[in-house]
Structures are given as structure tokens and as C-alpha cells.
Amino acid sequence: MPQPRGTFRTAERPARNFTASGAFERVSAPVDTEADPDVQLMLAVQAGNTAAFERLFEKHIGAVVGFATQFVGSRARAEELAQDVFLQIYRTRQRYVARARFATWLYRMVTNACLSEVRRADYRARAHSLDQPGTRDTDDAVPIEVPTRSSEEDVAGREALEQLHTAVAALPAQQRAALLLARVEGLSYEEVAEALSCSVAAVKSLVHRATVTLRGQFPEEGM
Amino acid sequence: MSKCARIRSELTAWVDGELTARRDERVQRHLARCVACAAEAESVRATIQGQRRALSRLTAVPDLDTGPMWAAVQRGLAAADQPGAQATRPAWVRWRGELRGWQWLWRPVAVVGAATAVAVVVTVTMFGGPQKVLVPLGVEAPPPAVSRAPELFKDYPLIQHLDALENFDTVNAEPLDDGQASDHG
């Protein structure tokens with residue numbers, strides 16, 4: 001079964017600045033790849049160890065599917081996309097260089113796949129609306145599928161989650177990717193920048209804008 | 001942008017611990033003496049904590065059945081390992097692989113070609129090469145009579161493209177008789 005989030009963070013990464021008076025340390029310190037167990041697994045995969053690949057798959061597949069669902073809208077499509085990403089990882093394993101955490105490399109591939117899918121979806125939606133003028137408002141949006149929750153979950157919580165899903169889906173794809181990578185997958189801004197192939201300053205701006213936009217809709221702890 | 005506005009625009013990165021040590025210190029110093037910004041920082045911190053929790057819930061997939069997915073990945077790996085898999089790949093992927101195999105050959109050729117192109121562009125730009133070889137295409141030499149005594153023809157209007165009728169629209173011909181002109185017209 002997939003492990004819970006946060007397992008990507010290595011021990012040497014300092015905690016986020018959650019106390020206003022807390023001492024600050026820059027997060028984007030050089031990463032000791034030898035301390036990242038995923039890097040060791042990936043190096044084993046490079047050497048042809050299929051069991052190591054299966055362990056990587058089991059560890060990350062849940063997070064990848066959850067991330068991809070926020071882009072492709074459909075859980076089934078997100079699962080297909082996640083499978084494709086892992087196939088790509090195995091096929092390109094010889095090109096892997098252990099210079100950063102494995103999560104950075106993984107999410108670079110995942111993000112590329114998701115953004116490509118979004119662009120394709122946009123293109124299809126535009127082409128469809130041109131074919132059938134007047135149906136854009138109803139057909140243009142990617143179908144939203146909120147993850148299935150347990151039966152104990154209260155209705156109010158479910159509604160809040162659906163609203164949050166809608167708000168996240170309305171963010172521009174780059175902002176959405178930066179926000180999810182930083183907030184959920186625990187990547188530093190520098191790692192997000194590598195995943196999105198942009199500068200750290202751009203990531204800072206993307207995360208800030210996404211945070212402010214969501215804050216306007218879900219102020220404070222009401223999320 | 002005022003000092004407070006500048007500090008507030010950095011609060012997200014500050015809470016995320018993503019500022020440089022110098023900027024972080026500057027933010028902390030400002031927050032220590034600005035009550036409004038300190039309150040805003042607390043609000044941003046609470047917002048980010050809330051977003052972190054909510055987004056984690058949103059992207060969680062606790063009911064994911066990884067068994068069939070792993071089986072599908074294994075099938076994909078087996079298909080990729082089969083001898084015929086090379087042929088099923090798109091042609092451009094195979095050509096790209098072939099090109100990569102010949103990098104030792106075409107890379108030097110590409111470098112020499114690029115250097116030659118740059119040298120040609122620089123030479124032409126600096127020494128004005130094309131200016132000297134421009135040929136005045138479409139300009140005919142004047143008739144011999146004009147060449148011999150050009151001062152005799154300097155007051156004559158030049159009518160070009162005599163084969164086009166609209167070039168004669170500007171010739172003002174006074175009608176000899178309005179009645180005749182209308183009859184002919």
C-alpha cells in the first residue's frame with residue numbers, strides 16, 4: 001500500500017517556519033542523496049533490480065495518482081497516467097543521475113505528463129467548442145471527480161472538499177502544480193523549480209499567488 | 001511599494017522557510033516592530049497550515065488498489081523487453097536513437113557548420129558584402145537619344161508601364177466639344 005505523504009522529506013531538511021519567531025534556515029541546502037533511501041532504490045533499479053522498482057512503485061504510486069487527479073480530473077485517467085510515468089521511469093532508468101532527491105526527478109516526469117495532458121485537454125475542448133458553438137460553457141470544463149471519502153465523513157466536510165477541488169482546478173496549471181508540489185509533496189522551492197523547469201523566483205511567485213487566491217476563497221483554518 | 005507591502009509579499013515564502021538568511025532576518029526585524037504585519041504573518045501561517053492539511057486530504061487516495069496497476073506496469077515492461085518492441089516504436093523515436101548512436105560523428109560536423117555560418121554572417125555584416133553585388137534588376141538603360149542630350153528631356157513627364165491603361169487616367173485632355181464628348185462617351 002502507498003505510504004502517507006511526507007515520506008519524501010529527508011532528515012536534514014529543516015522544518016518550515018511555522019513559528020513567527022522561529023530561527024530560519026534556508027531549505028534549499030545541498031541534498032545528501034546517499035541519505036535518501038529512494039535514491040538507493042533507484043540506483044538498484046538502474047542495476048536491474050525489479051524488486052527495488054516495485055518498492056518505489058508501491059511507495060509513490062498513491063501520491064502520484066492523487067497529484068495527477070488534480071490535473072486530469074478523472075481518477076481513472078490519473079491512474080493510467082501514473083502507470084505511464086512509472087513505465088517511463090523504468091525505460092529511462094539508465095539516464096538517472098543521483099544528484100538530487102528521487103522525488104524531484106519523479107515529480108519532474110509527473111508534472112510534465114500532467115501539464116501535457118492539460119494542454120491536450122484544452123486543445124480538445126477548444127476544438128470541440130469550435131465544432132459545436134454554443135456548448136462551450138457546459139463542455140469545456142474537465143469533469144471534476146472528488147476522491148471517494150469514507151462513509152463516516154460528514155456532509156459539510158465533503159462539501160468543503162468539493163469546493164476546494166473546484167478552487168484548485170480553477171488555478172492556472174503552473175500555479176496548481178507549484179502549490180501541490182510545495183504544500184503536499186513537500187518539495188522545496190528549488191526542487192519545485194527543477195520539476196517545473198523554471199527559476200526559484202518564478203516558483204516563489206507561483207506559490208504566493210496560488211496561496212493568496214485560495215486564501216480569498218478559504219480564509220484561515222476554515223479550509 | 002511601501003515597506004509593509006514589500007514584506008507582506010514575502011510572507012508566503014517566509015512561512016515556507018524559503019527566503020535567504022538576509023531577507024529572512026529583514027522580515028523578522030520588521031515583524032518585531034510592526035503589529036499589523038505581525039498579525040498578517042500569523043494569518044498567512046494559519047492559512048498555509050490549513051491549506052497543507054486540506055490539500056493533503058484532497059489528494060489522498062486511501063482506496064487505491066495498486067495490484068492491478070502494478071500488473072499493468074509489468075505487462076508494459078514485458079512488452080518493452082520483447083525483441084519486436086523496437087519495431088513497434090514510432091519511427092522518429094527509432095531515428096532519434098540512431099542519431100544518438102552517431103553523436104561522435106555528427107556533433108563535430110554540426111559544430112563546424114555552425115562556426116562557418118557564424119563566420120559568413122560576421123563577414124557580410126562587417127564588410128558589407130551584399131552591397132557590392134547588388135544588381136539593379138528591372139532598371140532599364142535610358143534610350144540613346146536621352147543619354148546623348150539629357151537636358152533636352154528634363155521637363156518631359158515620364159510615363160512608366162505604358163502597357164497599363166490606368167497610367168493614362170492622369171492625362172488631362174480638354175474635350176473639343178461637350179456635345180461631341182458626350183456623344184462619344
Side-chain angles (χ1 to χ4, degrees), chain A residues 1-2 4-5 14-21 24-28 50 54 57-58 61-63 65-67 69-70 75 79 82-84 86-87 90-91 146-148 150 160-161 164-165 168 179-180 182-184 188-190 200 203-204 207-208 211-212 214-215 218-223, chain B residues 8-25 27-28 31-32 37-81 85 89 93:
Chain A
M1 288 297 291
R5 308 300 166 84
R16 300 297 173 109
N17 202 350
F18 280 133
T19 55
S21 58
F24 167 77
E25 283 182 80
R26 188 169 164 77
V27 173
S28 54
T50 316
E54 187 174 1
F57 177 86
E58 289 288 341
I61 188 67
V65 170
F67 179 86
T69 305
Q70 302 307 313
R75 167 79 173 269
E79 290 181 7
Q83 288 170 18
D84 290 345
F86 275 94
L87 272 172
Y90 193 82
R91 285 173 183 154
V146 173
T148 310
S150 61
L161 212 58
L164 176 63
H165 184 105
V168 170
L179 186 78
L180 292 174
R183 297 271 180 271
V184 182
S188 69
Y189 283 13
E190 196 171 325
V200 175
V203 170
K204 189 176 158 188
V207 173
H208 178 67
T211 303
V212 169
L214 286 188
R215 186 187 184 194
F218 303 94
E220 307 300 322
E221 299 93 332
M223 290 186 72
Chain B
R8 288 179 186 206
S9 71
E10 294 197 315
L11 285 179
T12 303
W14 180 74
V15 171
D16 280 340
E18 294 283 356
L19 291 182
T20 60
R22 196 169 152 215
R23 280 177 175 268
D24 180 78
E25 194 184 330
V27 171
Q28 290 206 40
L31 294 183
C37 286
E40 174 68 9
E42 278 303 306
S43 173
V44 171
R45 180 188 57 75
T47 297
I48 289 177
Q49 281 182 327
Q51 285 184 359
R52 203 180 291 277
R53 280 195 302 271
L55 291 172
S56 294
R57 278 180 61 207
L58 182 71
T59 56
V61 281
D63 55 340
L64 184 67
D65 186 3
T66 59
M69 294 180 71
W70 174 244
V73 169
Q74 279 185 311
R75 281 196 298 276
L77 295 180
D81 288 341
R89 289 188 306 167
V93 174

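Proteins get letters first, then strands, A, B, ... in listed order; numbering begins at 1 in each.
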*asked:* Tell me which pairs pass ring-ring contact (aromatic ring centres under 6.0 Å, His included) where either residue lies in residues 46-72 of chain B, with sequence neighbours left out.
replied: A/Phe53-B/Trp70, A/Phe57-B/Trp70
*Nearest heavy-atom neighbours spanning B/Leu77 and A/Tyr90*: CD2-CD2, 3.2 Å
*Check B/Glu40 against A/Arg215 and note the closest heavy-atom contact, atom names and distance.*
OE2-NH1, 2.9 Å
*Is chain B contacted by the side chain of A/Val203, its backbone, both, or neither, given a heavy-atom distance below 4.5 Å?*
neither
_Distance-minimising heavy-atom pair for B/Met69 and A/Ala82_ = CE-CB, 4.4 Å
*Evaluation steps, side chain to side chain contact (heavy atoms under 4.5 Å, CB included), between B/Leu55 and A/Leu164*: CA-CA 8 Å; B/Leu55 291 172; A/Leu164 176 63; 4.3 Å; yes
*Rounded to the nearest 0.5 Å, how far does CG of B/Leu11 lie from OG1 of A/Thr211?*
11.5 Å
*If you round to the nearest 0.5 Å, how far is CD1 of A/Ile61 from CG of B/Asp65?*
11.5 Å
*asked:* Tell me the closest heavy-atom pair linking B/Gly76 and A/Arg91, and the distance in Å.
replied: O-NH2, 3.8 Å
*Run the side chain to side chain contact (heavy atoms under 4.5 Å, CB included) check on A/Arg75 and B/Leu64 step by step: do they pass?*
CA-CA 10 Å; A/Arg75 167 79 173 269; B/Leu64 184 67; 3.5 Å; yes
*Can you find a pair of side-chain heavy atoms, one from A/Thr50 and one from B/Gln74, that are under 4.5 Å apart?*
no
_Under 4.5 Å from any heavy atom of chain A, what part of B/Arg22 do you find: side chain, backbone, both or neither?_
neither
_Let me confirm one number: the CD-OG1 distance from A/Glu79 to B/Thr66, rounded to the nearest 0.5 Å._
10.0 Å
_Pairwise distance OG1(B/Thr59) to CD(A/Gln70) - rounded to 0.5 angstrom_ = 6.5 Å
*B/Glu18 side chain to A/Lys204 main-chain N or O, any donor-acceptor pair under 3.5 Å?*
no
